[in-house]
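Excluded from the calculations below are hydrogen atoms, water molecules and symmetry mates; all remaining heavy atoms, backbone and side chain alike, are included. Note that the numbering runs from 1 along the sequence shown for the chain.
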Amino acid sequence: MKKHDDEKKYGKTVALIIFMICVFGLLIIAISVQTDGGKLFEGLPAGIGYFLLVIMILIPVFLILLIIATFKKKESSSHLTPDYFGVNFNRAEEKKPIRRIDKAKPVHIRVTPMAGGDGKEKDEEEREEREEEQTEGPLEEGGSRFYMLTEIDKSYENYERPEYNENIGLRELCEEFRKFSAGELKLYYDIEDIRRFIGAMAVTKLIILQGMSGTGKTSLAYAFGEFLRNKTVVVPIQPMWKERTDLVGYYNEFTKKFNETTLLYKMYEANYNEEIYVTVLDEMNIARVEYYFAEFLSLLEIPNPDGRNLDVVADRREDDPKLLQKNGKLRLPTNMWFVGTANNDDSTFSISDKVYDRAMVLNLDKKATPFEAEGSSMKISSTHLTELMEKAQREYEISDRNVRRIKKLDEYMIKTFHITFGNRIMKQIRSYVPVLVGCGGTEEEALDDILSRKVFRKLESKNPVYVKQMAEGLCGYLDELFGEDKLPLCKETVRLIEQNV
């Protein structure tokens, strides 16, 4: 085909050159007749004669330019004709049905070199045969836009509930977890930190672990997943994250597929079973939590778990995953907890009160002393864990005496620092204290911990000079109200703010 095109171009070029030679020859003759051999336009004034001569020169030039433009237009349009592929769509009898090619299935085109006229005819015949083969048979579909989620549907078609340990209690759970971490993973934690971690799970689905680097923030959540035989998912937060699609993925208009993330995969899987899922948001404040986690924060505030539905896509299709709702939303699983690790340095953002108020905060400021222990992992269902927490909240309900103390402390904080407990904090206190007691702690220890994290932490946003002036009186009031040195963590928080002034 290339040789044939070259021959056509060569013939056009020769014809154009011959035509131009003839035109210019006529012009030379006309000029010579007008100037030397006599008057070409005899009887006309000389000015008019020269004007007509110029017209005679311009008309051939215009014709030459017109012919050149016509040749170029034909050549450019010839590149768009389907004759190069063996099909002429300008002839109705040669039209063939067009087959849509599935993006997921590669199409291999064989190219046969041509040798002379026979090779060209043979190549055209082979192309026609390939086109006939491609137009036969039904169109192939590309599958669901959610590949990983539909695979989960397939894997759970014959799901059988595993055997869970239904006899373990909260106190034993904390002790066995601590032994397992030390014996199997060589990770050591104080029993108080274990109790606070389990107690925090009874309050909210978002737990923030703060402390110096190397104190075991990420490893605590990791060890808990290993203990439950359900590996913890670690999501490294990126500095540029600003919306929920960074966490759960997005629909790609180009590929017509949904870019699924590991978190979306685990959230979908968690809706199928009763396992306890722990997701670590590693370095959560390296980006603004209020941006990429905003929708989660709002949904977790809804009391009814069935109303916590996360937007995934705009609508639902027939081949979408089974658990995806008609409006394209996915239910937030009740058996998943988010554990964020936070550092306070120049590379991170400060966490706002909006996040702190909705989360439970644990400070891991020191390493535990290593000890020898033997422990084993076990399967515990989220249903059983929830039942244990609800049972503890009934049996170890906060005493009326401490309720009155909290009320007096609230009045003092409002009057002195314009800080109030609020309904959310009171609800968290009533949920947290009984569970911590059920894990083996005391009511005063639980109150001291949650008040220092939820109430006295707010003093950091107040005028530090004023807080320093009132620090001594506040610590004295705590001793008077709860007993001397009964709330050491609260007093430590106040003293630390006083020292930083």
Side-chain angles (χ1 to χ4, degrees), residues 192 195-196 199-204 206-208 210 297 300-301 303 350-363 389 392-438 441-501:
E192 290 82 6
R195 292 169 181 166
R196 291 167 185 162
M201 295 178 68
V203 177
T204 179
L206 176 61
I207 303 171
I208 299 178
Q210 295 184 153
L297 292 173
L300 293 176
E301 285 294 293
S350 59
I351 300 177
S352 66
D353 284 344
K354 175 184 177 181
V355 179
Y356 273 128
D357 288 345
R358 289 163 171 78
M360 281 297 292
V361 183
L362 278 73
N363 285 354
M389 293 175 176
Q393 290 167 356
R394 292 191 303 268
E395 293 182 355
Y396 305 105
E397 188 177 2
I398 186 171
S399 64
D400 294 337
R401 183 182 181 184
N402 281 327
V403 171
R404 291 193 298 269
R405 288 171 171 172
I406 292 173
K407 185 177 180 181
K408 291 182 180 180
L409 179 62
D410 186 24
E411 295 173 353
Y412 179 87
M413 296 297 291
I414 293 174
K415 181 180 179 181
T416 309
F417 301 101
H418 300 286
I419 293 175
T420 182
F421 284 61
N423 294 330
R424 180 187 289 114
I425 294 179
M426 281 305 303
K427 182 180 178 181
Q428 292 172 349
I429 291 174
R430 293 181 182 276
S431 299
Y432 178 75
V433 173
V435 175
L436 197 73
V437 174
T442 65
E443 190 169 303
E444 286 74 16
E445 291 175 354
L447 280 174
D448 184 28
D449 180 65
I450 193 169
L451 289 176
S452 65
R453 310 286 182 251
K454 289 292 183 178
V455 179
F456 289 90
R457 183 198 60 80
K458 295 179 181 292
L459 292 174
E460 296 176 358
S461 61
K462 299 298 179 179
N463 187 334
V465 177
Y466 177 74
V467 173
K468 182 178 181 180
Q469 293 175 352
M470 305 300 296
E472 192 65 34
L474 176 58
C475 292
Y477 185 77
L478 291 176
D479 290 338
E480 177 185 345
L481 192 61
F482 291 91
E484 189 173 355
D485 295 331
K486 292 293 184 179
L487 301 182
L489 294 177
C490 293
K491 295 170 66 175
E492 180 182 352
T493 303
V494 176
R495 296 297 187 189
L496 185 60
I497 297 175
E498 180 186 12
Q499 293 175 4
N500 291 334
V501 176

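Across all non-hydrogen atoms, the minimal contact from Glu443 to Val433 is CG-CG1, 3.6 Å. Closest heavy-atom contact between Ile429 and Pro434: O-CD, 4.0 Å. Scanning both residues, Val437 and Thr442, for their nearest heavy atoms gives CG2-C, 3.9 Å. The two residues Thr420 and Ile425 make their nearest non-hydrogen contact at O-CD1, 4.4 Å. In terms of heavy atoms, Val435 sits closest to Gly199 at CG1-CA, 3.8 Å. The minimum heavy-atom distance linking Lys462 with Phe417 is given by the pair CE-O, 3.3 Å.
Between Lys458 and Asp357, at least one side-chain N (NZ, or NE/NH1/NH2) sits under 4.0 Å from a carboxylate O, which counts as a salt bridge. A salt bridge is absent between Asp410 and Arg405: the closest approach of a Lys/Arg side-chain nitrogen to an acidic carboxylate oxygen does not fall below 4.0 angstrom.
Taking the side chain as every heavy atom from C-beta outward, Tyr466 and Leu459 never approach each other to under 4.5 Å. For the pair Gln393 and Ser431, the minimum side-chain heavy-atom distance is below 4.5 Å. Using a 4.5 Å cut-off on side-chain heavy atoms (C-beta onward), Leu436 and Ile450 make no contact. Contact of the Glu498 side chain with the Val467 side chain is not registered, since no non-hydrogen atoms from C-beta on lie closer than 4.5 Å. Put simply, the side chain of Ile414 does not reach to within 4.5 Å of the side chain of Ile419, judged on heavy atoms. Leu409 has its side chain within reach of Phe421: a pair of non-hydrogen atoms, C-beta onward, lies under 4.5 Å apart.
No donor-acceptor pair under 3.5 Å is formed between the side chain of Asp485 and the backbone N or O of Asp479.
The environment of Asn423 atom CG is sparse: at most 12 non-hydrogen atoms of other residues, nucleotides or ligands sit within 6.0 angstrom. Lys407 NZ: 12 or fewer foreign heavy atoms inside a 6.0 Å radius.
For the atom pair OG1 of Thr493 and CG of Asn363, the computed distance is 8.0 Å after rounding to the nearest 0.5 Å. Rounded to the nearest 0.5 angstrom, Lys454 NZ and Met360 CE are separated by 6.0 Å. For the atom pair CD of Gln499 and CD of Glu492, the computed distance is 9.0 Å after rounding to the nearest 0.5 Å. Taken to the nearest 0.5 Å, the CG atom of Leu478 stands 5.5 Å off from the CG atom of Leu487. Note that CG of Leu474 is 5.5 Å distant from CE of Met413, once rounded to the nearest 0.5 Å. If you take CZ on Arg453 and OH on Tyr356, they are separated by 10.5 Å, rounding to the nearest 0.5 Å.
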Please evaluate residues Leu362 and Ile208 with respect to the criterion side chain to side chain contact (heavy atoms under 4.5 Å, CB included), reporting the C-alpha separation (whole Å), side-chain torsions for both, the decisive distance (0.1 Å), and the verdict. CA-CA 6 Å; Leu362 278 73; Ile208 299 178; over 6 Å; no
- Starting from the C-alpha separation in whole Å, work towards a yes-or-no answer on side chain to side chain donor-acceptor pair (under 3.5 Å) for Gln428 and Thr204. CA-CA 8 Å; Gln428 292 172 349; Thr204 179; over 6 Å; no
>> Working note: Ile406 + Leu447, criterion side chain to side chain contact (heavy atoms under 4.5 Å, CB included); need CA distance, chi angles, decisive distance, verdict.
In response: CA-CA 9 Å; Ile406 292 173; Leu447 280 174; 3.6 Å; yes
Check against side chain to side chain contact (heavy atoms under 4.5 Å, CB included), Glu460 and Ile497 = CA-CA 7 Å; Glu460 296 176 358; Ile497 297 175; 3.8 Å; yes
* Can Val203 and Met201 be said to form a side chain to side chain contact (heavy atoms under 4.5 Å, CB included), step by step? -> CA-CA 5 Å; Val203 177; Met201 295 178 68; over 6 Å; no
task = Check step by step if salt bridge (charged side-chain N to carboxylate O under 4.0 Å, His left out) holds for Asp449 and Arg196.
result = CA-CA 8 Å; Asp449 180 65; Arg196 291 167 185 162; 3.5 Å; yes
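A search for ring pair (Phe, Tyr, Trp, His ring centres under 6.0 Å) contacts involving Tyr412 returns Tyr477, not counting sequence neighbours. Residues passing the side chain to side chain contact (heavy atoms under 4.5 Å, CB included) test with Glu472 are Arg495, sequence neighbours excluded.
Residue pairs satisfying the salt bridge (Lys or Arg N to Asp or Glu O under 4.0 Å) criterion with at least one member in residues 416-438, sequence neighbours excluded, are listed as follows: Glu301-Arg424.
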